[in-house]
Amino acid sequence: DAKTTQPPSMDCAEGRAANLPCNHSTISGNEYVYWYRQIHSQGPQYIIHGLKNNETNEMASLIITEDRKSSTLILPHATLRDTAVYYCIVTGANSKLTFGKGITLSVRP
Amino acid sequence: GAVVSQHPSRVICKSGTSVKIECRSLDFQATTMFWYRQFPKQSLMLMATSNEGSKATYEQGVEKDKFLINHASLTLSTLTVTSAHPEDSSFYICSARDPSGGASLIQYFGAGTRLSVL
């Protein structure tokens, strides 16, 4: 599986958009980008995933660059409940998920 | 999203006893389930992959005789920590792969089980 690099932490103001970056320069053509988040003392929660097109669902948007070497998860209107560790994972279809350290997002009032 | 139920959420046991954790996929049939372990301030580490009707595949360094995994049905996998010791105290999390995702499959996670061995 391709390695991902995320900043260790970031913060944003409540109500503003949170843009979480992820670098995956060694991604191969059949690997997907998955985003999960883990709120303290809970199991990870699936957010969104994509292959090469941008994706949007009720939780977030995923923007993947044309060369697929990086992506950005966008939470359009962050709330205090979005404070969590966000994991960007690159893996092939049917492959297992390997978690890195993720990025800790702190949403401030 | 799909629901994965994990039970119990917390267990405290004496050293030397065995503990069983259940993981159920409530609204899909999961041929593949996964067991993770997470120590404080660390990320999730995959312990094993559980396939329905066959033996689990363990990650390197995970003792298969200590962490017994059974995946007897398409909706239930169990993890038994045998002869638990204080160093086994951790947060254990299961996940199930939803087979309905087409080319890309989504794993859904349980809420986790916090094991404390005294």
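Chain naming here is simple, since letters A, B, ... match the order of the sequence lines and numbering starts at 1 in each. Keep in mind that what you see is a predicted model, and the values were worked out from it rather than measured.
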Practice task
Start with the C-alpha distance between F109(B) and Y46(A), add both sets of side-chain angles, then the distance that settles ring pair (Phe, Tyr, Trp, His ring centres under 6.0 Å), and finish with yes or no.
Solution key: CA-CA 8 Å; F109(B) 287 79; Y46(A) 167 78; 10.0 Å; no

Handout entry: Hphob cluster co-occupancy, I74(A) + M59(A), side-chain heavy atoms under 4.5 angstrom
Key = no

Practice task
Please answer: with hydrophobic residues joined when any side-chain heavy atoms are less than 4.5 Å apart, are L118(B) and Y92(B) in the same cluster?
Solution key: no

Practice task
Spell out, as yes or no, whether a donor-acceptor pair under 3.5 Å connects the side chain of Y36(A) to the backbone of Q107(B).
Solution key: yes

Handout entry: Donor-acceptor pair, side chain of S43(B) and main chain of G100(A), under 3.5 angstrom
Key = yes

Completion exercise
Of all heavy-atom pairs linking F91(B) and Q38(A), the shortest is CE2-NE2, 4.2 Å

Completion exercise
d(L97(A) CG, Y36(B) OH) to nearest 0.5 Å is 4.5 Å

Handout entry: Atom pair CZ (F99(A)) and CE (M45(B)), whose distance is rounded to the nearest 0.5 Å
Key = 11.5 Å

Practice task
Please flag which part of L44(B) lies under 4.5 Å from any non-hydrogen atom of chain A: side chain, backbone, both or neither.
Solution key: both

Exercise for the section: Determine whether Y86(A) and M10(A) fall in the same hydrophobic cluster, where Ile, Leu, Val, Met, Phe, Trp and Tyr are linked whenever their side-chain heavy atoms lie under 4.5 Å apart. Expected result: yes

Problem - Over 12 foreign heavy atoms within 6.0 Å of CZ, R16(A) - result: no

Problem - Spatial distance of atom CD1 (I106(B)) from atom OH (Y32(A)) [nearest 0.5 Å] - result: 10.5 Å

Problem - Residues, nucleotides or ligands: over 12 heavy atoms within 6.0 Å of K66(B) NZ - result: yes

Problem - Hydrophobic cluster identity match, L46(B) and L79(B), side-chain contacts under 4.5 Å - result: no

Practice task
Please answer: with hydrophobic residues joined when any side-chain heavy atoms are less than 4.5 Å apart, are I69(B) and V62(B) in the same cluster?
Solution key: yes

Problem - Contact class of Q45(A) relative to chain B, heavy atoms under 4.5 angstrom - result: neither

Practice task
State the CD-NZ distance between E59(B) and K96(A), to the nearest 0.5 angstrom.
Solution key: 3.5 Å

Exercise for the section: Could you tell me the separation between the CZ atom of R97(B) and the OG atom of S95(A), rounded to the nearest 0.5 Å? Expected result: 7.0 Å

Problem - chain A contacts, top residue of R114(B), Q6(B), Q38(B) (heavy-atom pairs, under 4.5 Å) - result: Q38(B)

